[in-house]
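Structure incoming, see below.
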Amino acid sequence: FNTGPVSYDDSMRNDSIQIDGIPTREPETYTEFSYWLPKSKYYVGFGTWIGVTIFYAAQMVEKAVGFEGDPSAYASIYTNLEGNTHRTWYNHTYIYPVAVREGYAESGPKKVSMRSDKAGNSCSGMNEIRRRKDNACGNDMNKVSWDIDGYTLSHLLKINKLPVSKETFIKIDIESYE
């Protein structure tokens with residue numbers, strides 16, 4: 001694809017899904033990104049997990065902003081972003097430990113509840129999460145829960161000075177709440 005290498009904490013790598021280079025994890029996502037991102041100036045990602053998609057996107061846009069409501073996943077993406085301070089895209093990539101909630105008001109935070117089989121996996125969500133047939137997200141999808149600040153999309157775009165226009169590519173990957 002059209003990007004360079006990314007550094008990840010080795011404990012987060014899973015060679016069976018290869019998250020860097022030519023990824024085997026969700027290859028359709030990267031095909032779409034490679035088509036749309038060169039036409040965009042800004043990238044916004046809901047559900048950034050450990051950084052796989054935002055780091056890819058950051059290499060093709062002027063500014064990349066990600067939101068991750070799972071505190072454990074946020075710790076991972078923060079660590080991974082700090083491992084890339086030597087990359088040119090580091091200085092225009094921003095991540096926040098918040099959720100994107102419903103509504104239009106540009107007011108402050110509102111607590112939202114999230115749940116998952118375990119904190120830090122890529123399957124956390126705000127509603128009760130349904131089991132997947134492939135059991136990829138664990139056996140007890142709603143076992144762990146936590147509360148986190150949630151902001152409306154309009155508020156998050158405004159504070160990050162991102163336009164609501166065709167220049168802004170928005171990726172939504174928030175299990176069971178899209």
Side-chain angles (χ1 to χ4, degrees), residues 8-9 12 19 25-26 29 32-33 36-37 40-58 61-82 84 89-132 136-178:
Y8 291 93
D9 179 327
M12 297 170 197
I19 58 177
R25 179 188 175 274
E26 301 178 6
T29 298
E32 291 296 318
F33 276 28
W36 291 105
L37 287 171
S40 305
K41 283 187 177 182
Y42 312 103
Y43 171 87
V44 176
F46 303 2
T48 57
W49 187 40
I50 64 171
V52 179
T53 52
I54 191 172
F55 297 160
Y56 182 83
V61 296
E62 292 177 18
K63 183 176 187 179
V65 179
F67 308 106
E68 178 53 61
D70 180 325
S72 184
Y74 177 79
S76 295
I77 189 174
Y78 180 85
T79 299
N80 288 332
L81 182 59
E82 290 304 304
N84 286 282
W89 48 267
Y90 170 84
N91 290 319
H92 66 258
T93 303
Y94 306 89
I95 55 171
Y96 299 95
V98 300
V100 179
R101 67 173 172 83
E102 295 175 301
Y104 299 100
E106 293 178 3
S107 60
K110 176 182 174 186
K111 290 290 182 192
V112 296
S113 183
M114 294 185 70
R115 57 190 47 88
S116 186
D117 177 51
K118 64 180 180 179
N121 72 9
S122 65
C123 298
S124 59
M126 289 184 184
N127 287 345
E128 185 165 325
I129 303 166
R130 289 174 274 176
R131 287 182 182 263
R132 289 174 43 164
C137 295
N139 294 325
D140 193 358
M141 292 300 302
N142 302 290
K143 182 170 77 175
V144 179
S145 65
W146 60 91
D147 291 335
I148 191 154
D149 287 340
Y151 294 85
T152 64
L153 175 59
S154 60
H155 178 79
L156 293 169
L157 292 175
K158 183 177 181 178
I159 66 170
N160 282 285
K161 298 179 179 152
L162 295 169
V164 179
S165 73
K166 65 182 181 180
E167 295 179 312
T168 302
F169 179 94
I170 299 176
K171 186 268 307 181
I172 303 171
D173 188 6
I174 45 178
E175 308 305 323
S176 78
Y177 204 63
E178 283 86 349

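Each residue takes its place number in the sequence, starting with 1.
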Please give me the minimum heavy-atom distance between Phe33 and Thr53, naming the atom from each residue. CE2-CB, 3.7 Å
Under 3.5 Å: donor-acceptor pair, side chain of Glu68, backbone of Thr48: yes
Do the non-hydrogen side-chain atoms of Leu156 and Ile159 ever get within less than 4.5 Å of each other? yes
Shortest non-hydrogen contact from Pro71 to Trp146? CD-NE1, 3.4 Å
Minimum heavy-atom separation for Ile148 to Ala99, with atom names? CG2-CB, 4.1 Å
Give the intermediate values and the outcome of side chain to side chain contact (heavy atoms under 4.5 Å, CB included) for residues Tyr74 and Ile95. CA-CA 8 Å; Tyr74 177 79; Ile95 55 171; 3.9 Å; yes
Over all atoms of both residues, closest heavy-atom pair of Trp89 and Thr93: O-OG1, 2.7 Å
To the nearest 0.5 Å, tell me how far Thr168 OG1 sits from Asn160 CG. 10.5 Å
Pairwise side-chain contact, Thr152 with Glu102, heavy-atom cut-off 4.5 Å (strictly under): no
In short, Ile77 meets Ile54 closest at the heavy-atom pair CD1-CG2, 3.8 Å
Determine the minimum heavy-atom distance between Val61 and Ser40, stating which atoms define it. CG1-O, 3.9 Å
Under 6.0 Å from the ring centre and within 45 degrees of the ring axis: does the NZ or CZ of Lys171 meet both conditions for the six-membered ring of Tyr43? no
Going by the angle between their ring planes, with limits at 30° and 60°, are His155 and Tyr151 parallel, tilted or perpendicular? parallel
Salt bridge between Asp149 and Lys111, side-chain N to carboxylate O under 4.0 Å? yes
Evaluation steps, side chain to side chain contact (heavy atoms under 4.5 Å, CB included), between Trp49 and Asp70: CA-CA 8 Å; Trp49 187 40; Asp70 180 325; over 6 Å; no
With under 30° as parallel and over 60° as perpendicular, where do the rings of Phe67 and Tyr96 fit, or are they tilted in between? parallel
